[in-house]
Each structure stands twice: as structure tokens, then as C-alpha cells.
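Following: one structure in C-alpha cells, then a few remarks.
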Amino acid sequence: MHEFFIPFISDALKSAGIETDKPVQIEQPADRKFGDFSTNIAMLCAKECRRNPRELAGELLRHLSFPAGTVAKSEVAGPGFINFYLSPLFIMKSVEQILLDGDAYGKGRSGAGQRAVVEYVSANPTGPLTIGRGRGGVLGDCIANLLETQGYEVTREYYYNDAGKQMTILAESVRYRYLELCEQAVDFPPTHYQGEYIRDIAEVVFMEHSTALAGSGELGVFKEAAETIIFNSIRATLERLGIRHDSFFNEHTLYIKDSEGTSPNQRVIDALASKGFIGNHEGATWFMTTKLGQEKDKVLVKSSGEPSYRLPDIAYHITKFDRKFDRMINVFGADHIDEYPDVLEALKILGYDTGCIEIAINQFVTTTVEGQTLKMSTRKGNADLLDDLIDDVGADATRLFFIMRGKDSHLNFDVELAKKQSKDNPVFYLQYAHARICSLLRMAKQETGFDADLVNNYEGLSRLESPSEIQLGFSLLEYPHWARTSLRLLEPQKMVEYLHSLSEQYHRFYQECPIIKAEPEITEARLLLSIATRQVLRNGFRILGISAPEAM
RNA sequence: GCGCCCGUAGCUCAAUGGAUAGAGCAUCAGCCUUCUAAGCUGAGGGUUACUGGUUCGAGUCCAGUCGGGCGUACCA
């Protein structure tokens, strides 16, 4: 709806003889008394035209015209805004289109023909998922959903490493617990994984092999068991939240040599070396980032001969270019904040256009239980396990709470609030609006024979004209704007806010306007408006990945 | 020390550079013989951490100060 105004305003600028390179901005005033939409174009142009902004706005207004029946009123206000008031009939006609579009309402084509990859979660299989990972997982999943609504072909990717030092420590940890089961005295090292889940894995190995592995130092069985069991648990946890990846990219593939005896990792080193950015000292191979003005060089290959995480990260991104993605979105937690600048620098040196890489960083999660703030801890205890949180508050609340704050805000997850089955809980506020509409439609079918599934003539909407009806109809038209905005900012929180305000509009309408008990024609019109609201809520819930209950 | 994020009502958080800084919770006052009161209406509550700057206009952008978080590994 925002775009509706732009061509008319551009025409008015032309016929008023105003030339400007300033973009025409359409905004929605915070207070509806300043119109449904407004533009600040006169204030933007005032300086270069050397004219008073209000006077310029008046001049523009004289050249401005809209198709009959669309804009009811345009006026100059404040320091030089031009405010527009839509005609109620135009709003209701537009709501008809929502009913015609159905599930497709709000979808766009801006991503048509483009391929996007969203990388998220990407936890290595060393332990169960933590609450902190959950935030990034839900954020990534919602971003992928948003991309799909705009027509992108989306790959949801999980990047992981099942080799290297951490996995060895993991396998050793399991072996120690296994030896305990074999009733050998062991001194469990404090550097190893302390979690209870290690004992569970050891038990599985013990069940299968009894004491047969106790004599050998071989880690293979332990590593394999740990990886399989942990990965299954991670995937099961994600599945509970409706998170499913299309692609699991194993970092190990970047180490594998091809027929010419070189690997993707090695090719990165060679390419950077040919640009003069590789140095060797202290037995390690360095990316000479000091040449780019950074304080220190960064290790690419450790003196042990193993690559550090940076090298495969660079090689991994090159595969994204090779795989011809148009957009590459990485979702990281704040603890990985240092990871990407070097990767981007390396890619630039190698001639890649890094403009298509976007980084969405989410800040940390603290959990509040009964007023006590628990800081997320990485290793010990099970207080920060994502599975426990889902057990506690359910998948819908988990998802919504993770994205109802901006990703740059430190998230305070109030477990008590998320558990409440009451109006205090934002999840229930949204879902209640949907359930209320479903209940209303069931009642309408029973009382008046109106069948929401069969209705196909929406013209009755034009009969609606009261403020709460018009306001609700108008809110419905804003949905596509917020879907686009959420994607542009990589911030599903905008969609949460929108749906909250839409729910509020619906509850107000419901409160003020009798629906089934009104005149038959008005009843039908109000039911149509309710169906349209239900449709928009459903479309929005689908993006957020929360359920749309028919009854509560 | 350096880098990134944050600082807004008692609490949790909004506010694409726009008009009188908004919601929810909590507090107080109203609304169900009527479609889900898991709802609605209203009231009180603010020097947007601080100091400068940029401009028609700054919570928002820039510089600095103070406070908090996360990094600052030959961990990922």
C-alpha cells in the first residue's frame, strides 16, 4: 500500500516543476489523526528549492491527484508533511483482495529467480543444544521463511565439524565414562566434557560392547557413538521447534584432496599466498591481516598442521559462491562476532564480491526463573538446555519469545511468563485472536448457516464504515509491508509487533461491533472482515513458525 | 587497552532521521442476563545514561565520557 502513492507524488513533483534526486518516502504516522499515510518530500526538497516547506507542500498538493475513490483527503500539516486519508470504501475493496489471495496474500516477487542460503545453528556435535543456540536457530528459520515469502529459492544450511580437537576430547570423555562402567579407576580430566549426556553415551557403548573395548586406546567406536547420538539429539530438538535444514555441510569435505592432490583449504592458502598475504613463522601459517591494518596476523594453519577455524570458513564461503547463491545470510551468536571480518577480508582479496554476504548476529540470552536471572553457561549443569526449555514452556512460546525482541537486544527469557496460560503471555494474546475468530465462525455456521469455507462473494465488505472496522481493515493492508520490512532488516521481531497490533485491532473490533447479533447483511460483512483477519494471522504465524489454534 | 552490541516509564521492551517518545506487566478506576472477560476502555507514571556536534527536525546519525554484555586463542 505504501507504494501506491509514489507514482502520483512523482507526477506532482514533475508538474510543479520540482526536480530532485530525493526519494519519495511514504510513512505511516504514529498517530492516525495525521492520516493513514504521509510524505515528508516537501521538507526534503525545501532547502534545494530555497522555499518554505509548508508553502512547497501546498504547491505540490495543487498538482496532486489520485484515482477517484481511493484517497479521501490530502492535506498539508505540521512543519510540511502531506498527509493522506484513504477512503473507507477503498480500504474495504482492498480487503476483498486479501480474501481472494488467501495463503498467497503478502507474498512478493522481489526474490524471484534468486537463490539464497541461510546458515544457522551450525553447532558441532559435541553436546545437546543450549538455549543460546535456540535463539539463533529460530531467528535463522524465520529469516528463511521471510525469504521464501518474497520468492527466493532458499537453502537452509547447517555447517558442522565432526573432526578435530574438540571431537577427540569428546571421544576421550566418553571413553573415560565407559572405563568407569567397566569398573576401572579413572581420573576424569577437568578439561573434558562433564555433562551427564556423556555417561548416557558411554552406557550405550557399554551395552553393545560390554568390556571388550577397555583394553584398547582406540577412540573410533566412542567418537562414532557420540557423534551419532548427539547429532540425533540435536536434530530431534530442532524438529520440536519446526526447524529443518535442507543441507548439512561437513567441514571435513574442505580437507579432502582432489585428483590433483589439492584441497579447498589448500587452494585458499595458495590463492592468498599469490596475493602476498601468507606468512610462515613459529611453525604456523598466517593470514597477514596486519597488511590490512589489523593489530595481529591470524593463524590459518596451526603448528600441529591442523587448520584453525578461519581457513575452512573461508573455503566454505567460496563453496557458496561456487554454488551460485545470490544472497548468503549467516546467523551467529554474539560470541562469534570476531569470526567474520577476516573471512570477508580474505574473500575480497580473492576477488569475490562480499556484498551478497549478510551477517545476522543475535545477542545473548539470559533466563529468568522465578525472578532469578540465570546466566547462560556453556558446559555445566542442564539449566540451559534447549530441550528442557521446550519441555517447560512449549514450542510456540519458545519460538515467539526468541524473536519478540530485536536481535541486537540482550534477551531476557522469563520462563514463568512464557508458561502462563493467560493474557500476560504474548503468545496467547496472538493465538487467542485466531482462536476467537475460529470460534466465532463455528458459531456463525450454527446460528446463521454462514459457511466460511464456501463463501466466494466478498462485496459485502463495502458496507462497513465504523472506525474500529476501518482501522482493522487498514491494519490488514499493512501486512505485506511488514513482511518486506522484517526481511530487509533481517528482523522477524517486526512481524511479531505487527501481529500484536493486528490482534489488538481485532479484539477492539470484536468488543465494539456485535457480529452474529447484528443485521444479517452487517453480520455477513463483519464475518468477512473476521475471515480476512484470520487469513493474515495465519500467514504471519506461518512466517514465525507458531501454530494457529482453532480453539483454546 | 582494542573491536562489536546495549543503555528509553518501577520491570520487560518498541519507536524505516519526523509531528505530543509508545506497548505489555505491575498500580488504580470502569465494562460480561449478549458471539471465548485468555478480552476491552480509561488514569497515573519519562531531563530517552551524560556532554558536545551534524540539520528544517535527533531516542535514532557523528565525536567523547560513564555504565553493562560479548569477544580480543596455534577453541569454534
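Proteins come first, then strands; the chains are lettered A, B, ... in the order of their sequence lines, and each starts at number 1. None of these values were measured; they are calculated from a predicted model.
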Point to revise | Chi-angle category of C32(B) [syn within 90° of 0, anti beyond] | key: syn
Practice item. In whole angstrom, give the distance that lies between atom CG of N412(A) and atom P of G68(B). Key: 18 Å
Practice item. Could you tell me whether N52(A) contacts a base, only the sugar-phosphate backbone, or nothing, with contacts defined as non-hydrogen atoms closer than 4.0 Å? Key: nothing
Check your understanding: Between K296(A) and G3(B), does any side-chain N or O lie under 4.0 Å from OP1 or OP2?
Key -> no
Check your understanding: If each of M552(A) and A30(A) is mapped to the nucleotide of RNA chain B with the nearest heavy atom, which maps nearer the 5' terminus, i.e. the 5' end?
Key -> A30(A)
Point to revise | N/O (side chain, S409(A)) to phosphate O (OP1/OP2, A14(B)) under 4.0 Å | key: yes
Exercise for review: For H410(A), report the nucleic acid contact type (base, sugar-phosphate, nothing); a contact means any heavy atom under 4.0 Å.
Suggested key: base
Exercise for review: Taking only the side-chain nitrogens and oxygens of R405(A), find out if one of them lies under 4.0 Å from OP1 or OP2 of U12(B).
Suggested key: no
Exercise for review: Mind checking D335(A) for me? I need base, sugar-phosphate or nothing, with any heavy atom below 4.0 Å counting as a touch.
Suggested key: base
Review point. Does the C74(B) base have a donor-acceptor partner in the side chain of S303(A) within less than 3.5 Å?
Key: yes
Exercise for review: Give one of base, sugar-phosphate or nothing for C513(A), where a contact means two heavy atoms less than 4.0 Å apart.
Suggested key: base
Exercise for review: Write down the distance between CD (Q511(A)) and C1' (C31(B)), rounded to a whole number of angstrom.
Suggested key: 7 Å
Review point. When the C1' atoms of C50(B) and G59(B) are considered, how many whole Å apart are they?
Key: 14 Å
Check your understanding: Roughly how far apart, to the nearest Å, are G18(B) and C75(B) at atom C1'?
Key -> 48 Å
Review point. So what does S38(A) hit on the nucleic acid, given a heavy-atom distance under 4.0 Å: a base, only sugar-phosphate, or nothing?
Key: base
Check your understanding: Given A19(B), C35(B), A76(B), which nucleotide is nearest the side-chain atoms of E251(A)?
Key -> A76(B)
Review point. Salt bridge check: are E75(A) and K73(A) linked by an N-O gap of less than 4.0 Å?
Key: yes
Exercise for review: Provide, to the nearest angstrom, the distance between the CD atom belonging to Q363(A) and the C1' atom belonging to C13(B).
Suggested key: 15 Å
Point to revise | P spacing across the pair G53(B) / G57(B), given as an integer number of angstrom | key: 13 Å
Check your understanding: Please give, in whole Å, the distance from U16(B) C1' to F81(A) CZ?
Key -> 13 Å
Practice item. Please work out whether the ring planes of Y159(A) and F249(A) are parallel, tilted or perpendicular, with thresholds of 30° and 60°. Key: tilted
Review point. Within this structure, what is the CD1-to-C1' distance between I169(A) and A73(B), rounded to whole angstrom?
Key: 14 Å
Point to revise | Sugar-phosphate, base or nothing in reach of A551(A), heavy atoms under 4.0 Å | key: base
Point to revise | E3(A)/R484(A) salt bridge by N-O under 4.0 Å criterion | key: yes
Review point. Going by ring centres under 5.5 Å and near-parallel planes (under 30°), is F364(A) stacked on G69(B)?
Key: no
Point to revise | Heavy-atom donor-acceptor pair, N40(A) side-chain to G18(B) base, under 3.5 Å | key: yes
Exercise for review: Can you tell me, in whole Å, how much space there is between the P of U48(B) and that of G7(B)?
Suggested key: 14 Å
Review point. Is G283(A) touching bases, backbone alone, or none of the nucleic acid, heavy atoms closer than 4.0 Å?
Key: nothing
Practice item. Could you work out which one of A76(B), A23(B), C35(B) sits closest to the side chain of Y309(A)? Key: A76(B)
Check your understanding: When all nucleic acid strands are considered with a 4.0 Å heavy-atom cut-off, which category describes M443(A): base, sugar-phosphate, or nothing?
Key -> sugar-phosphate
Exercise for review: Look at the side chain of E282(A) and the base of C74(B), then say whether one donor and one acceptor between them are separated by less than 3.5 Å.
Suggested key: yes
Exercise for review: Give a yes or no on whether a salt bridge exists between E521(A) and R463(A), defined as a side-chain N under 4.0 angstrom from a carboxylate O.
Suggested key: yes
**Study point:** Centroid under 5.5 Å and tilt under 30°, Y432(A) to G39(B)
**Key:** no
Check your understanding: C1' atom, G22(B) versus G1(B): distance in rounded Å?
Key -> 40 Å
**Study point:** Sugar-phosphate only, base, or nothing, as touched by A334(A) at under 4.0 Å among non-hydrogen atoms
**Key:** sugar-phosphate
**Study point:** Option passing ring-ring contact (aromatic ring centres under 6.0 Å, His included) with F37(A) (candidates Y85(A), F474(A), F84(A))
**Key:** F474(A)
**Study point:** Nucleotide A73(B), atom C1' - distance to NE2 of H336(A) in whole Å
**Key:** 13 Å
Check your understanding: If you measure from the Lys or Arg side-chain nitrogens to the Asp or Glu carboxylate oxygens, is any gap between K320(A) and E119(A) under 4.0 Å?
Key -> yes
Practice item. In whole angstrom, give me the gap between the C1' atoms of A9(B) and G17(B). Key: 24 Å
Exercise for review: Flag the pair L60(A) / I18(A) as yes when at least one side-chain heavy-atom distance between them is below 4.5 Å, and no otherwise.
Suggested key: yes
Point to revise | Under 3.5 Å: donor-acceptor pair, side chain of Q194(A), backbone of H192(A) | key: yes
Check your understanding: Counting only N and O atoms by type, is there a donor-acceptor contact under 3.5 Å from the side chain of T237(A) to the main-chain atoms of S233(A)?
Key -> yes
Exercise for review: Pick the P atom in C6(B) and in G10(B), then give their distance to the nearest Å.
Suggested key: 22 Å
Check your understanding: Within the structure, does a side-chain N or O atom of Y429(A) lie under 4.0 Å from either OP1 or OP2 of C40(B)?
Key -> yes
Exercise for review: Answer yes or no: does a side-chain N or O of K302(A) lie under 4.0 Å from OP1 or OP2 of C75(B)?
Suggested key: yes
Exercise for review: Could you check whether E27(A) gets within reach of a base, just the sugar-phosphate, or nothing at all, counting any heavy atom under 4.0 Å?
Suggested key: base
Check your understanding: Within 45° of the axis and under 6.0 Å from the centre of the six-membered ring of F450(A), does NZ or CZ of K445(A) qualify?
Key -> no
**Study point:** Separation of G18(B) P from L44(A) CG (nearest whole Å)
**Key:** 11 Å
Review point. Say you pick atom C1' in U12(B) and the same atom in U8(B); how far apart are they, in whole Å?
Key: 12 Å
**Study point:** Atom-pair distance (CG on D408(A); P on C13(B)), nearest Å
**Key:** 13 Å
Point to revise | Any side-chain heavy-atom pair of Y193(A) and Q166(A) under 4.5 Å | key: yes
Check your understanding: Name the stems that RNA chain B belongs to, where each is three or more consecutive Watson-Crick or G-U pairs with both distances under 3.5 Å?
Key -> B:1-7 with B:66-72, B:10-13 with B:22-25, B:27-31 with B:39-43, B:49-53 with B:61-65
Practice item. Look at all strands and tell whether A123(A) reaches a base, only sugar-phosphate, or nothing, counting heavy atoms closer than 4.0 Å. Key: nothing
Check your understanding: Which nucleotide in the list G18(B), C35(B), A14(B) gets nearest to the side chain of P79(A)?
Key -> G18(B)
Point to revise | Touch class at under 4.0 angstrom, heavy-atom based, for P341(A) against every strand present | key: nothing
Exercise for review: Would you mind telling me which of E157(A), H336(A), E358(A), H317(A) makes a side-chain hydrogen bond (donor to acceptor under 3.5 Å, both in side chains) with N330(A)?
Suggested key: H317(A)
Check your understanding: Any N or O donor-acceptor pair linking the side chain of D338(A) to the base of A76(B) at under 3.5 Å?
Key -> no
